[in-house]
Novice: 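For reference, the structure I am asking about is given below.
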Number of protein chains: 2
Amino acid sequence: MKKAVEQSVDRPAKAFSSEVATGSRRENASKQESGAPFRSHRNEKGPRAADRIRASASELFYREGIRAVGVDEVVERAGVTKPSLYRSFASKDELAAAYMRDYDLDFWEKFENPGGKSYSDPREHVLAYIRVLSTRAVREGYRGCGLSNATVEYPARDNPARQVAEAHKKVLRKRLRELASSMGARHPAVLGDALLLLIEGIYSTGQQSEDGPAQSALAVAKLLIDASVPKP
Amino acid sequence: MKKAVEQSVDRPAKAFSSEVATGSRRENASKQESGAPFRSHRNEKGPRAADRIRASASELFYREGIRAVGVDEVVERAGVTKPSLYRSFASKDELAAAYMRDYDLDFWEKFENPGGKSYSDPREHVLAYIRVLSTRAVREGYRGCGLSNATVEYPARDNPARQVAEAHKKVLRKRLRELASSMGARHPAVLGDALLLLIEGIYSTGQQSEDGPAQSALAVAKLLIDASVPKP
DNA sequence: GTGTATACGTACCGGTCAGTAACATTGTCA
DNA sequence: TGACAATGTTACTGACCGGTACGTATACAC
């Protein structure tokens, strides 16, 4: 239960293995000692069932919401059958948690390298992320942050997906405080929180309309930073 | 369909009748010409079925989410039966829309008179709202904004509840711009958007953890306003 | 070949969901 | 007293939900 949470969420992650955290029911990381690619059984064409299910779930859960999507739809889109899902995931809730972990990994890639570039200056780093984010957020069909959305869908604290989301947000908060500190902010905690509140505001309003306040987000971010960091 | 949206959402509402907008299936506002309290039929103890249903739905939908709550639960809590629900509301979606309209009314009361007081100075007005809001937002069990949450639960544009929420957010944005303008902001649109992004950030992060960035919200609001309004 | 383990499919389960049909009961007013 | 409006009572529907019992195909080991 708790193990799952700590699986991929507790590190801002400098480098990522393309192999996502499994977090599945089957705990057999054993038998990995053989060197070869371990393609194991079954047909060579395409990823195995569990991976196809993860991908299918990620897309559907993000676009339509977790509660709105049934497991039948997930497996149909994945081109597999329901028992395959339940062989790899203990329940729909656990599948949702896996989706959260995948989302988390994806997030950090986008956050640490906004627009595919890396930044040494923390101010430019944050502004680049917000620029990219707010551009996405004003486009039609934008659905905000999958992690924040899951928190809305599942108010119960012990929900596995929610736990992953909560852990993620905690790390993000710490990371933003870190960046605010690097900028030389007078009160790094306040600037970090300000940026987090701003980012969550973009997530939220971005899915409420295409023509929303996310348009002003970059200007607001600059305002916040410049008001918080003493001039050189 | 569209009619429902425009029923209560398009006015910042200075004064409120305690009578909520009905928006129910039965359009007979007629017969109101008689002066008396119009307690009409049924037993004297307590409000009539439709009102009890609205109250029950509001509480449950807010706390647990709309999708998570079945109509059976709503009617059980209301102490009525299912046919009574469907006599007053065409569908669960329409009941959700009614919940949105009630929420909207309630919101404007809280927004225009934060903490039960009225304010003439726009800066003090906004800061008071954010003070009250962020205090609520760091308490356990806080569930954010019911309207924003509904938008997360229902991504489809034509969902009745979502339409009410969208209309509401549009009005709120305008109102904040208005207040920013009254403060004498250099760029009222930007300050208005900044405040809206901040507020939505509080809604969102407030339900993610009790110990979140909403703690800093008041300081952030002051920072934003002071950086946007020229000193006298 | 035969055993064994793996990956997958077919067919099904009981429960819950939103919504309805038909009828009985109660209070109000004319 | 009788019409009417509002609600309750009971029982039902068909769709969908998450989840599972059980059989099958493939591949490697010996």
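Computation of the quantities below employed the complete heavy-atom set of this structure, encompassing side-chain atoms and omitting hydrogens, waters and symmetry-equivalent molecules. By convention in this document, chain letters (A, B, ...) are assigned in the order of the sequence lines, proteins followed by strands, and residues within each chain are numbered from 1.
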Novice: For A:Asp51 and C:dA7, what is the distance between atoms CG and C1' respectively, to the nearest whole Å?
Specialist: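 Atom CG in A:Asp51 sits about 13 Å away from atom C1' in C:dA7.
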Novice: Rounded to the Å, how far apart are B:Arg67 CZ and C:dC17 P?
Specialist: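 Value for this atom pair: 14 Å.
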Novice: Hey, does the side chain of A:Ser91 come within less than 4.0 Å of D:dG18's phosphate (OP1/OP2), counting only N and O?
Specialist: no
Novice: Does either side chain, that of A:Glu153 or that of A:Asn159, offer a donor lying less than 3.5 Å from an acceptor on the other one?
Specialist: no
Novice: Please confirm whether any donor atom in the side chain of B:Lys82 sits under 3.5 Å from an acceptor in the base of C:dG19, or the reverse.
Specialist: yes
Novice: With side chain to side chain contact (heavy atoms under 4.5 Å, CB included) as the test, pick out the partner of B:Tyr142 among B:Glu210, B:Arg136, B:Gln208.
Specialist: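 With B:Tyr142 as partner, B:Glu210, B:Arg136, B:Gln208 yield a single side chain to side chain contact (heavy atoms under 4.5 Å, CB included), made by B:Arg136.
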Novice: What integer distance in Å separates B:Ile53:CD1 from C:dA18:P?
Specialist: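 Checked: the CD1 to P distance equals 14 Å.
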Novice: Once you round it to whole Å, what is the distance between P of C:dT25 and CZ of B:Arg87?
Specialist: 15 Å
Novice: From C:dG19, C:dT10, C:dC8, pick the nucleotide closest to the side chain of A:Pro83?
Specialist: C:dT10
Novice: Take atom CZ of A:Phe89 and atom P of C:dA7, then tell me their distance rounded to the nearest Å.
Specialist: 13 Å
Novice: Take the protein atom CG of B:Leu85 and the nucleotide atom C1' of D:dT9, then report the distance between them rounded to whole Å.
Specialist: 16 Å
Novice: Of the listed nucleotides (D:dT10, D:dC17, C:dC8), which one gets closest to any side-chain atom of A:Arg48?
Specialist: C:dC8
Novice: Looking at the side chain of A:Ser84, which of C:dG9, C:dA22, D:dG18 is the nearest nucleotide?
Specialist: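 Side chain of A:Ser84 sits closest to C:dG9.
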Novice: Side chains of B:Glu200 and B:Ser148: any donor to acceptor distance under 3.5 Å?
Specialist: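 Checked: B:Ser148/B:Glu200 side chains pair up, N/O donor to acceptor below 3.5 Å.
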Novice: Indicate whether the side chain of B:Lys169 and that of B:Thr151 have a donor and an acceptor atom separated by less than 3.5 Å.
Specialist: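 No, no side-chain donor-acceptor pair sits under 3.5 Å.
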Novice: So which nucleotide from D:dG18, D:dC22, C:dA18 ends up closest to the side chain of A:Val71?
Specialist: D:dG18
Novice: Checking all strands, does B:Val69 fall into the base, sugar-phosphate, or nothing category for heavy-atom contacts under 4.0 angstrom?
Specialist: sugar-phosphate
Novice: Using a heavy-atom cut-off of 4.0 Å across all strands, would you classify B:Thr81 as base, sugar-phosphate, or nothing?
Specialist: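 B:Thr81: base contact, heavy atoms under 4.0 Å.
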Novice: Quick check on D:dG19: is either OP1 or OP2 less than 4.0 Å from any side-chain nitrogen or oxygen of A:Tyr86?
Specialist: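 Indeed, a polar side-chain atom of A:Tyr86 lies that close.
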Novice: What's the CG-C1' distance between A:Asp72 and C:dG15, to the nearest Å?
Specialist: 15 Å
Novice: Within this structure, what is the CG-to-P distance between B:Leu95 and C:dC17, rounded to whole angstrom?
Specialist: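 Those two atoms, CG and P, are 15 Å apart.
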Novice: Kindly determine whether B:Asp106 and B:Phe111 satisfy side-chain contact (heavy atoms from CB on, under 4.5 Å), including the steps that lead there.
Specialist: CA-CA 9 Å; B:Asp106 210 63; B:Phe111 184 85; over 6 Å; no
